[in-house]
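Below is one structure; the comments refer to it alone.
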Amino acid sequence: MSKIIDGKVISSRLREEIAREVEQLKKAVGRPPGLSVILVGEDPASQIYVRNKEKTAKELGFKSEVIRFPDTISENDLLRKIEELNNDQSVDGILVQLPLPEHIDEFKVTLTIAPEKDVDGFHPVNMGRLLIGKPYLVPCTPLGIIKMLDYEGIEIEGKKAVIIGRSNIVGKPVAILLLQRNATVTICHSRTRNLPDIVREADILVAAVGKAKFVKGDWIKEGAVVIDVGINRDENGKLVGDVDFEEAQKKASHITPVPGGVGPMTITMLMYNTLQAFKKHVGMEGEQ
Ligand code: NAD
């Protein structure tokens, strides 16, 4: 039986540390770190995500504001608001909740956010810095995965890491982070041939596919570390990951559950990034 990597426990430890640091810095700097979240439209999932981000930010002592716009807002007006926040000295982190309505170009929005305030880490400057080994703000889910592995004392160097999924927000950045920690990395995707055979070689498996129970138990190497990023509903409407948890648990040395694994880490890393952005903004060097 494998050890369950409990994202809630790790998250709450990290959140305590962040809150402590925020408390100290607030006194030294004279203001708390500021996070501005822009929400466009009424998408129910986005509303929940944004509410959770705001709640967590407040719990940890940040100044947090949610700026809501109707989905009829023009692209220009949205970009103007972002520029205003870029120039606002009390704002350290800016996040625009995705997805955006179709008439707004998401890439233009990402490009408009000042890289040093881009707490999602999606700006090409932040992505590029990650690629060349000079990370500034790193996408939250991949960063959370590395923090989980470190927390559990799992060695990365020299291990074979297989990532299923090549998205810009999860698959690609987690591959780069694992590479920087000296893993031998294979990225798989929808056109990969013989996927189960490749997965069978993984010492560390990261599944970021978005398909319920896609990864079968017999794909898992004995003793592998399994990180399940997926958030899906099964045929009964139950929340499940990309990995068949019951089966994989019999083979893996460590495994993340869904829910309660990677999910809680993502918001925690958003807070972590906002704190790093704040420290850099006020001239105290942040870290990754
Ligand atoms: P995405 O749809 O952008 O990417 C999915 C990837 O899976 C693609 O790169 C695709 O090539 C690959 N894929 C699809 N079918 C495949 C197949 N048959 N074989 C191999 N690869 C295949 O998704 P994403 O944004 O990277 O998210 C992936 C999952 O992670 C989703 O379930 C999403 O909800 C979840 N997610 C969770 C968190 C979190 O905080 N826990 C954060 C982001 C995403």
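Numbering of ligands and ligand atoms starts at 1, following listing order.
Ligand 1 lies under 4.0 Å from heavy atoms of Thr141, Ile164, Gly165, Arg166, Ser167, Ile169, Val170, His189, Ser190, Leu195, Ala208, Val209, Gly210, Lys211, Phe214, Val229, Gly230, Ile231, Asn232, Val262, Gly263, Thr266.
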Could you go step by step and tell me if Glu247 and Lys216 meet the salt bridge (Lys or Arg N to Asp or Glu O under 4.0 Å) rule? CA-CA 7 Å; Glu247 290 301 314; Lys216 308 300 172 211; over 6 Å; no

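Under the side chain to side chain donor-acceptor pair (under 3.5 Å) criterion, Asp203 pairs with Lys221, sequence neighbours left out.
When the shell of 6.0 Å around NZ of Lys55 is examined, it contains 12 or fewer heavy atoms from other residues, nucleotides or ligands.
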N/O donor to acceptor pairs below 3.5 angstrom from side-chain atoms of residues 185-196, sequence neighbours left out:
{"residue": "His189", "atom": "ND1", "partner": "Arg191", "partner atom": "N", "Å": "3.2"}
{"residue": "Thr192", "atom": "OG1", "partner": "His189", "partner atom": "N", "Å": "2.7"}
{"residue": "Thr192", "atom": "OG1", "partner": "His189", "partner atom": "O", "Å": "3.1"}

Check: residues 224-243 side-chain donor-acceptor pairs under 3.5 Å, at least two apart:
{"residue": "Asp228", "atom": "OD1", "partner": "Gly230", "partner atom": "N", "Å": "3.2"}
{"residue": "Asp228", "atom": "OD1", "partner": "Asp242", "partner atom": "N", "Å": "2.8"}
{"residue": "Asp228", "atom": "OD2", "partner": "Asp242", "partner atom": "N", "Å": "3.1"}
{"residue": "Asp228", "atom": "OD2", "partner": "Val243", "partner atom": "N", "Å": "3.0"}
{"residue": "Asn232", "atom": "OD1", "partner": "Lys211", "partner atom": "N", "Å": "3.4"}
{"residue": "Asn232", "atom": "ND2", "partner": "Val240", "partner atom": "O", "Å": "3.4"}
{"residue": "Asn232", "atom": "ND2", "partner": "Gly241", "partner atom": "O", "Å": "3.0"}
{"residue": "Asn232", "atom": "ND2", "partner": "Asp242", "partner atom": "OD1", "Å": "2.9"}
{"residue": "Arg233", "atom": "NH1", "partner": "Gly237", "partner atom": "O", "Å": "3.0"}
{"residue": "Asp234", "atom": "OD1", "partner": "Asn236", "partner atom": "N", "Å": "2.8"}
{"residue": "Asp234", "atom": "OD1", "partner": "Gly237", "partner atom": "N", "Å": "3.1"}
{"residue": "Asp234", "atom": "OD1", "partner": "Lys238", "partner atom": "N", "Å": "2.9"}
{"residue": "Asp242", "atom": "OD1", "partner": "Gly210", "partner atom": "N", "Å": "3.1"}
{"residue": "Asp242", "atom": "OD1", "partner": "Lys211", "partner atom": "N", "Å": "3.0"}
{"residue": "Asp242", "atom": "OD2", "partner": "Val209", "partner atom": "N", "Å": "2.6"}
{"residue": "Asp242", "atom": "OD2", "partner": "Gly210", "partner atom": "N", "Å": "3.1"}

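The only option from Gln89, Lys117, Gln276 that meets the side-chain hydrogen bond (donor to acceptor under 3.5 Å, both in side chains) definition with His281 turns out to be Gln89.
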